[in-house]
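To start, the structure under review is shown below, and the notes come after it.
All of these numbers come straight from a predicted model, not from anything done at the bench.
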Amino acid sequence: MLKNKSIHWGVLIIAIIGLMIMYLVQRNIQAFFNSLLSDSYYAFVAARIFRFLINDLLMIAVIYALFKKRKYVVFAFYVQLAGIIFILTPYLIIKSYTSYNGPLLSYLHRLIVNPLLMLLLIPAFLYQEKINQSKS
């Protein structure tokens, strides 16, 4: 892991700017995949997977910049993998095989397009740091 403090600040700033850019161009991402892929369903799936991965990777960069600990970054990757398996996959299955459009799908959609799981890790890691400091 990098030791230089200015590099950590640079990573943090780039990741936050990246998250803002992803938010601002979210409609363009869908349009890009619509133009790239002929089938609208595959374009929808590709856009959601792309946004999920990029948002979470940028949040992992934020976690790295804030905590500078490899174990937190590795844990965040595991959370991202769990999100792919337990949130993204059911969401795509529900969207493709059913006509359901209720509140459950809306909440799953928000978890996919926003890096909420990763945002929840930041207070958890802060609490872990506090616990570790009180033990020392």
Discussion item. How long is the straight-line distance from CG of N114 back to CG of D56, given to the nearest 0.5 Å?
Written reply: 10.5 Å
Worksheet item: When rounded to the nearest 0.5 angstrom, what is the spacing between NZ in K135 and NZ in K130?
Response: 14.0 Å
Fill in: Over 12 non-hydrogen atoms of neighbours within 6.0 angstrom of OH in Y100
yes
Item to complete: Taking side chain to side chain contact (heavy atoms under 4.5 Å, CB included) as the test, write out the residues that go with A43, two or more places apart.
Response: Q30, F33, N34, L37
Fill in: Inter-residue atom distance Y107.OH - I112.CD1, 0.5 Å rounding
15.0 Å
Worksheet item: Are I13 and V11 connected, step by step, through hydrophobic side chains (Ile, Leu, Val, Met, Phe, Trp, Tyr) whose heavy atoms are closer than 4.5 Å?
Response: yes
Fill in: Counterpart residues, side chain to side chain donor-acceptor pair (under 3.5 Å), relative to E129 (two or more places apart)
K69, Y72
Item to complete: Quick one: closest heavy-atom pair of M59 and I122, and the distance?
Response: CE-CD1, 3.7 Å
Response to the item:
Rounded to the nearest 0.5 angstrom, the CZ-CG distance for F125 and L120 is 11.0 Å
Discussion item. Grouping I, L, V, M, F, W and Y whenever their side-chain heavy atoms are under 4.5 Å apart, do F67 and L119 come out in a common cluster?
Written reply: yes
Worksheet item: Is the backbone N or O of Y41 less than 3.5 Å from a side-chain atom of D39, with the two atoms forming a donor-acceptor pair by type?
Response: yes
Worksheet, complete the sentence: Residues passing the side chain to side chain contact (heavy atoms under 4.5 Å, CB included) test with R27, sequence neighbours excluded, are none
Discussion item. If I take atom CZ from residue F52 and atom CG from residue L111, how far apart are they, to the nearest 0.5 angstrom?
Written reply: 8.5 Å
Response to the item:
Taking every heavy atom of I63 against every heavy atom of M118, the minimum-distance pair comes out as CD1-O, 4.0 Å
Discussion item. Restricting to non-hydrogen atoms, name the atom on N132 and the atom on K71 that form the minimum distance, rounded to 0.1 Å.
Written reply: ND2-NZ, 4.4 Å
Quick one: side chains of residues 73-95, donor-acceptor pairs under 3.5 Å with protein atoms, not counting sequence neighbours, listed by atom name and distance.
residue : atom : partner : partner atom : Å
T89     : OG1  : I84     : O            : 2.8
Y91     : OH   : H109    : ND1          : 3.0

Side-chain donor/acceptor pairs under 3.5 Å, residues 15-22, sequence neighbours excluded:
none

Worksheet item: With ILVMFWY side chains joined below 4.5 Å, transitively, what does Y23's cluster contain besides itself?
Response: L24
